[in-house]
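A short worksheet on the structure shown next.
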Amino acid sequence: MSLACILALFSGACKIPPVEVLRTILSTSGIADSNHFYDVVIFQIRIPRILLAISVGSALSVAGCVYQGVFKNPLVEPYILGVSSGAAFGAALSIVMGLSLISQQMTALVFALISTFAAYSVATKSEETPVINLILSGIVINALFTAGISFLKTVADSEQLRSLTFWLMGGIYVAEWDDVMLVLPVIIVFTGVLWAKAWTLNIMTLSKDEARTLGVNTDFYKKYFIFFSAIIASVSVATVGVISWIGLIVPHIARIMVGPDHRMLIPSSMLMGATFTLLCDTLARTLTTGEIPITILTSLFAGPYLIYLIRNNRAIYFD
């Protein structure tokens, strides 16, 4: 990840010589003189963007890793309970109503959490929440919020529709220090909360009876993991929009490299997700003179890999 950070710091539409990048960074300690223009580019644009990409990639990857463990399904990802569609609806509502960017983020976060709780409530019966019910309820909630987004598109004016379209495609070009200061602490704290119970998640991959025999209340911890995973995924989506595939593909790669033990899998997914997202974002802002929505790049990289996984592990996914 360190190399990815260095690459992102030295890359961009504004060509800054590597020597000037180093001089600008050293100027904070008084070792070298600074250039105001370079200061703005490095400290107000690139560094916040790097930190936000790392935060979002980590959050989506950890959420995907935890969901796959809870649901015992390798094709589950953070958006399965309607996090993305709920957040997208909240953002679309804010854009159409002409609210500020901060209000847009808060509204997206609130609706993402509402969609998660709605999916869980619909799936729960007699204090039992079967995984298949949870997945199906997530599909239904996704469909409802998607219909709401379609309606908002029809009533939005051309400028609102343009803003909404770019938000739905996802992008870290919105990065500012305020976003970083909002997102980073939340993700660090709640990722730590999830990692602290990694051993419990290992036990939950067993059958329900086996987990109870080992003293784990599966119903309580299912809510625990779903809730905290939904928070970090919701905060990410509310800030940068919908970025697909990261929470689905990265945990697979991490599982191949470090094995199924969540005590190692969660931090590995976090680091790999941060690196993958940062590299995709660096490409998104350097491949062309404009800005490529990052979801396009994550899909181009992750789609073929998922096809490879499915074709070579059909017994795992479909039997």
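Fair warning: this is a prediction, and the values are worked out from it, not measured in the lab.
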query: For L7, what are the other residues in its hydrophobic cluster, where any two members join if their side-chain heavy atoms are less than 4.5 angstrom apart?
result: L279
- request: Check which hydrophobic residues are tied to V40 through side-chain heavy-atom contacts below 4.5 Å, counting indirect links as well, and list them.
  value: none
Set of residues satisfying side chain to side chain donor-acceptor pair (under 3.5 Å) with respect to [X], sequence neighbours excluded:
X	answer
S299	W245
S94	T107
R46	none
T146	none

message: Pairing donors with acceptors under 3.5 angstrom, does anything connect the side chains of E210 and T213?
response: no
Is there a side-chain contact between [X] and [Y] (heavy atoms, below 4.5 Å)?
X	Y	answer
I253	Y305	yes
V122	V140	no
M272	M257	yes
F190	V62	no

Contacts of type side chain to side chain contact (heavy atoms under 4.5 Å, CB included), residue [X], not counting sequence neighbours:
X	value
L164	A92, I95, K153, L168
F227	F117, I231
L182	Q105

- request: Could you please spell out the steps behind the side chain to side chain contact (heavy atoms under 4.5 Å, CB included) verdict for Y221 and M204?
  value: CA-CA 8 Å; Y221 278 107; M204 289 184 66; 3.5 Å; yes
- request: Please work out whether the ring planes of F111 and F145 are parallel, tilted or perpendicular, with thresholds of 30° and 60°.
  value: perpendicular
- prompt: Parallel, tilted or perpendicular for F228 and Y224, by the 30°/60° rule?
  reply: perpendicular
- prompt: Who are the salt bridge (Lys or Arg N to Asp or Glu O under 4.0 Å) partners of R162, not counting sequence neighbours?
  reply: none
- request: Could I get the full list of salt bridge (Lys or Arg N to Asp or Glu O under 4.0 Å) partners for D178, not counting sequence neighbours?
  value: none
- prompt: Do any pairs count as a side chain to side chain donor-acceptor pair (under 3.5 Å) and have a residue in residues 263-287, sequence neighbours left out, and if so which ones?
  reply: R49-D281, D261-R263
Donor-acceptor contact below 3.5 Å, side chain S229 vs main chain I226: no
- request: Write down the atom of C65, the atom of I266, and the distance for their closest heavy-atom approach.
  value: SG-CG1, 4.0 Å
